[in-house]
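I'd like to ask some things about the structure below.
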Amino acid sequence: MKKLLLASTAAFALAGAAQAEEIKIGILLGFTGPLESLAPDMASGAELAMKEVSDSGLLLNGATVTPVRADSGCVDAALATASAERLITSDKVKGIVGGDCSGVTTAALTNVAVPNGMVMISPSATSPGLSTVDDKGLFFRTAPSDARQGQVMADILKDRGITKVAVSYTNNDYGKGLADSFAAAFTAQGGTVTISAPHEDGKADYSAEVGALASAGGEVLVVAGYIDQGGAGITNGAIDSGAFDTFMFPDGMFSQALEDNFAAKTEGSFGQHPGTEGDGVSKYHEMGAAAGYNPKNAFSPEAYDAAALILLAMQAAGSSDPQVYKDKVMDVANGPGEPIMPGELAKALEILKNGGDVDYVGATSVELIGPGESAGNYREFEMKGGKIVTVRFR
């Protein structure tokens, strides 16, 4: 009888192990291209949430979570589309953290994710145009729309008494969307945009673009570009020519590279990027530092939150099928429910398993509104003494 019981127990354990699912989650980011200095820390944030859930053994009766990275190129729609197709058809992922830049996110979403019924949660695609894409309830984002950032920029300039600016923006969905949103908000407050001109990424010489900006003039040059590409070129050109000495840097310019390469040269310049303060982000910073990457880099906290939302939605739905769990993303992101901070994903999984509700706060004070996008908080920063320092949160 004892042998029979032992055999039965072993068989039951083996059956349980066999039923445990391996869930693959894609990470579609620009590991090459204009934001390649941000992508590794964003990916590490997403993978930290996946490891936390996988290690808990509580997701869908012991499922494990495996990340699969894929390159979007940030501005390469063909590459992003091919990468998304590979993630879905070959790697068989059950959700995608990404894309990163707005144009490739739109391409991957409309050409691949929607036709295949795949959930995407972007930590950094901010174009206002994504708010109106017919996404069939499959797309969400943990970074706020640039409709919000444009207003924040106008408010910052007004508070600083600046009434006249020039704008240089990267010539894509992100740059144009942000430039238009900002111009509308700034002029509504009585400000003047002397020129709003696009620049192309990848050029060796930006003297013509800088010359046009200098001719138009302004108290500040707003550089709505990418820190690893044209945004840096425009900034260097403006500094070298003496065209401008004060700059405003939106989120695409924020990274460690901005401090390393420009803080000492642009004393008094300022900018903003999605960010918040409080226990959630502090805990995430501790966890990321312990894991050996830079959790303070732009959009890394948003990537942790994007991955966490996918996995908690699966638990709430009792399924890893994107067509099923997509309807639970908004539920786990918002109240009512037990507030959940970084490092508490096991707690959230247990609550959901037992039929309870959670309100995922995460690293960025997550609150999803409208068509599944972040309500938005921003960190205002300034260059002081060769460093980027926090001014306030908005």
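Remember, it's a predicted structure, so these values are computed and weren't measured experimentally. Counting begins at 1 with the first residue of the sequence.
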Do Val193 and Val223 land in one hydrophobic cluster if side-chain heavy atoms of ILVMFWY residues count as linked below 4.5 Å?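 No.
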Under the salt bridge (charged side-chain N to carboxylate O under 4.0 Å, His left out) criterion, do Arg160 and Glu382 qualify, and how do the steps go? CA-CA 12 Å; Arg160 290 172 177 264; Glu382 186 171 323; 2.9 Å; yes
Validate the cation-pi geometry between Lys203 and Tyr206: distance from NZ or CZ to the six-membered ring centre under 6.0 Å, angle to the ring axis within 45°.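 Yes, Lys203 sits over the ring of Tyr206.
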Steps toward side-chain contact (heavy atoms from CB on, under 4.5 Å) verdict (Asn261, Ile227): CA-CA 10 Å; Asn261 299 331; Ile227 186 59; 5.5 Å; no
For a 4.5 angstrom cut-off between non-hydrogen side-chain atoms, does Val114 reach Leu109?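 Contact flag for Val114/Leu109 side chains = yes.
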Between the main-chain N or O of Ala125 and the side-chain N or O of Ser122, is there a donor-acceptor pair closer than 3.5 Å?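 At least one qualifying donor-acceptor pair exists.
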Can you measure from NZ (Lys92) to CG (Leu87) and round to the nearest 0.5 angstrom?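 Rounded to the nearest 0.5 Å, the NZ-CG separation comes to 12.0 Å.
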Kindly determine whether Glu85 and Asn116 satisfy side-chain hydrogen bond (donor to acceptor under 3.5 Å, both in side chains), including the steps that lead there. CA-CA 9 Å; Glu85 287 176 345; Asn116 286 279; over 6 Å; no
Any sub-3.5 Å donor-acceptor pair from Asn334's side-chain atoms to Glu367's backbone N or O?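 Not at all, since once roles are kept as given, no pair shorter than 3.5 Å links the two residues.
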Taking atom CG of Asp279 as the centre, report whether more than 12 heavy atoms of other residues, nucleotides or ligands fall under 6.0 Å from it.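 Atom CG in Asp279 is not crowded, with 12 or fewer foreign heavy atoms closer than 6.0 Å.
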Taking Met341 as the starting point, is it possible to reach Val281 by hopping between hydrophobic residues whose side chains are less than 4.5 Å apart?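 No; Met341 is not reachable from Val281 via cluster members.
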Could you go through residues 27-41 and list every donor-acceptor pair under 3.5 Å that involves a side-chain atom there, pairing it with any protein atom two or more places apart or in another chain?
{"unit_1": "Thr32", "atom_1": "OG1", "unit_2": "Asp71", "atom_2": "OD2", "d": "2.6"}
{"unit_1": "Ser37", "atom_1": "OG", "unit_2": "Asp228", "atom_2": "OD1", "d": "3.3"}
{"unit_1": "Ser37", "atom_1": "OG", "unit_2": "Asp228", "atom_2": "OD2", "d": "2.8"}
{"unit_1": "Asp41", "atom_1": "OD1", "unit_2": "Asn294", "atom_2": "N", "d": "3.2"}
{"unit_1": "Asp41", "atom_1": "OD2", "unit_2": "Asn297", "atom_2": "ND2", "d": "2.9"}

Modelled atom types, side-chain donor and acceptor of Ser365 and Asn377, under 3.5 Å: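 Absent: no donor and acceptor within the cut-off.
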Keeping the roles fixed (side chain from Ser374, backbone from Gly376), state whether a donor-acceptor pair exists under 3.5 Å.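 Indeed, once roles are kept as given, a pair shorter than 3.5 Å links the two residues.
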Within one Ile-Leu-Val-Met-Phe-Trp-Tyr cluster: Val358 and Val65, side-chain cutoff 4.5 Å: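 In one cluster with Val358: Val65, yes.
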Rounded to the nearest 0.5 Å, what's the gap from CG on Leu309 to CE on Met330? Could you check?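 Nearest 0.5 Å value for the CG-CE distance: 10.5 Å.
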Donor-acceptor contact present, side-chain Gln315 to main-chain Leu60, <3.5 Å: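 Yes, Gln315 side chain to Leu60 backbone: donor-acceptor pair under 3.5 Å.
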Under the salt bridge (charged side-chain N to carboxylate O under 4.0 Å, His left out) rule, what do Glu344 and Lys283 come out as? Steps first, then yes or no, please. CA-CA 10 Å; Glu344 296 183 338; Lys283 178 61 176 177; over 6 Å; no
Closest approach of Gly280 to Pro342 (non-hydrogen atoms, all atoms of both residues):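 In this case the closest contact between Gly280 and Pro342 is O-CG, 3.3 Å.
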Looking at CE of Met153 and CE of Met248, how far apart are the two atoms once the value is rounded to the nearest 0.5 Å?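 Result: 5.0 Å between the selected atoms.
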Side chains of Ser83 and Arg69: any donor to acceptor distance under 3.5 Å?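 Distance-only check fails for Arg69 and Ser83.
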Does either side chain, that of Asp251 or that of Tyr174, offer a donor lying less than 3.5 Å from an acceptor on the other one?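 The criterion, which ignores hydrogens and geometry beyond distance, is satisfied for Tyr174 and Asp251.
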Step by step, work out the side-chain contact (heavy atoms from CB on, under 4.5 Å) result for Thr235 and Phe244. CA-CA 9 Å; Thr235 305; Phe244 293 89; over 6 Å; no
Can you tell me if Thr81 uses its side chain to pair, donor with acceptor, with the backbone of Ala78 under 3.5 Å?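 Judged by distance alone, no pair lies under 3.5 Å.
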Could you tell me whether a side-chain N or O of Asp305 sits under 3.5 Å from a main-chain N or O of Ala363, the two making a donor and an acceptor?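 The answer is yes, because a donor-acceptor pair under 3.5 Å joins these two groups.
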Where does the angle between the aromatic ring planes of Tyr284 and Tyr304 fall among parallel (under 30°), tilted (30 to 60°) and perpendicular (over 60°)?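 Because their plane-to-plane angle lies in the 30° to 60° range, the rings of Tyr284 and Tyr304 count as tilted.
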Any side-chain heavy atom of Leu349 sitting closer than 4.5 Å to one from Glu52?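 No, their side chains stay 4.5 Å or more apart.
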Group every Ile, Leu, Val, Met, Phe, Trp and Tyr by side-chain heavy-atom contacts under 4.5 Å, then state whether Met253 and Phe186 land in the same group.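 The answer is no; the residues belong to distinct hydrophobic clusters.
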Give me the atom names and distance for the closest heavy-atom approach of Ser72 to Asp100.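 So the two residues come closest at OG-OD1, 2.8 Å.
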Taking every non-hydrogen atom, the tightest pair across Ser168 and Leu213: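 Closest pair (atom of Ser168, atom of Leu213, distance): CB-CD1, 3.8 Å.
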Could you note down all residue pairs passing disulfide bond (SG atoms under 2.5 Å apart) where residues 91-187 supplies at least one of them, sequence neighbours left out?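 Counting only pairs at least two positions apart or across chains, the disulfide bond (SG atoms under 2.5 Å apart) contacts touching residues 91-187 are Cys74-Cys101.
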Heavy-atom distance under 4.5 Å between the side chains of Phe139 and Val133, does that happen here?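 Of all side-chain heavy-atom pairs linking Val133 with Phe139, none is under 4.5 Å.
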Applying the side chain to side chain donor-acceptor pair (under 3.5 Å) test to Lys176, which of Asn172, Asp173, Asp180 qualifies?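 The side chain to side chain donor-acceptor pair (under 3.5 Å) with Lys176 is passed solely by Asp180 among Asn172, Asp173, Asp180.
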Side-chain donor or acceptor of Asp205 paired with backbone N/O of Ser207 under 3.5 Å: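 Yes, Asp205 side chain to Ser207 backbone: donor-acceptor pair under 3.5 Å.
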May I ask you to test the Gln323-Leu138 pair for a side-chain heavy-atom distance under 4.5 Å?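 Result yes, sub-4.5 Å side-chain heavy-atom pair found.
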Tyr360 side chain near Leu345 side chain, heavy-atom distance below 4.5 Å: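 Counting from C-beta outward, Tyr360 and Leu345 do come under 4.5 Å.
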Nearest 0.5 Å, please: how far is CE in Met42 from OH in Tyr293?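 Atom-to-atom, Tyr293:OH and Met42:CE are 11.5 Å apart.
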Test ring pair (Phe, Tyr, Trp, His ring centres under 6.0 Å) applied to Phe254 - qualifying residues, sequence neighbours left out: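 Result, ring pair (Phe, Tyr, Trp, His ring centres under 6.0 Å) vs Phe254: His273, Phe381.
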Are side-chain N/O atoms of Glu21 and Asn61 paired as donor and acceptor at under 3.5 Å?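 Looking only at side-chain atoms, Asn61 and Glu21 do not form any donor-acceptor pair under 3.5 Å.
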Any side-chain heavy-atom pair from Ile388 and Met383 closer than 4.5 angstrom?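 Result yes, sub-4.5 Å side-chain heavy-atom pair found.
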Backbone of Ala346 reached by a side-chain donor or acceptor of Ser56 within 3.5 Å: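 No; zero donor-acceptor contacts below 3.5 Å.
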Should Leu178 and Thr126 count as side-chain neighbours, where that means a heavy-atom distance under 4.5 Å?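 No - every pair of side-chain heavy atoms lies 4.5 Å or more apart.
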Got a salt bridge between Arg141 and Glu373, using NZ or NE/NH1/NH2 to carboxylate O under 4.0 Å?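 Judged by the 4.0 Å cut-off on N to carboxylate O distance, Arg141 and Glu373 do form a salt bridge.
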Side-chain donor/acceptor of Thr246 to backbone N/O of Ser269, under 3.5 Å: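 Side chain of Thr246 to backbone of Ser269: no pair is present.
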Rounded to the nearest 0.5 Å, how far apart are CD1 of Ile25 and NZ of Lys94?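 It is 8.5 Å, given to the nearest 0.5 Å.
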Are more than 12 heavy atoms, taken from residues, nucleotides or ligands other than Asp245, located less than 6.0 Å from that residue's CG atom?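 For Asp245, atom CG is not crowded (no more than 12 foreign heavy atoms under 6.0 Å).
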No-hydrogen, no-angle side-chain donor-acceptor test under 3.5 Å, Ser181 and Gln149: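 Looking only at side-chain atoms, Gln149 and Ser181 do not form any donor-acceptor pair under 3.5 Å.
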Please determine, by modelled atom types, if Thr364 and Glu302 share a side-chain donor-acceptor pair under 3.5 angstrom.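 Short answer, no.
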Going through the distances and angles, do Phe182 and Val165 end up as a side-chain contact (heavy atoms from CB on, under 4.5 Å)? CA-CA 11 Å; Phe182 162 69; Val165 303; 3.8 Å; yes
CA sep, side-chain torsions, deciding dist, call: Gln272, Arg379, side-chain contact (heavy atoms from CB on, under 4.5 Å): CA-CA 5 Å; Gln272 69 292 317; Arg379 172 194 179 218; over 6 Å; no
Measure the shortest side-chain to side-chain distance between Glu380 and Thr390 over non-hydrogen atoms and say whether it is less than 4.5 angstrom.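 They are not in side-chain contact.
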From CZ (Phe270) to CG (Asp159), nearest 0.5 Å: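 So the gap between those two atoms works out to 10.5 Å.
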Look at the side-chain heavy atoms of Ile, Leu, Val, Met, Phe, Trp and Tyr, link any pair under 4.5 Å apart, and say whether Val53 and Met287 land in one connected group.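 Yes, Val53 and Met287 fall within the same hydrophobic cluster.
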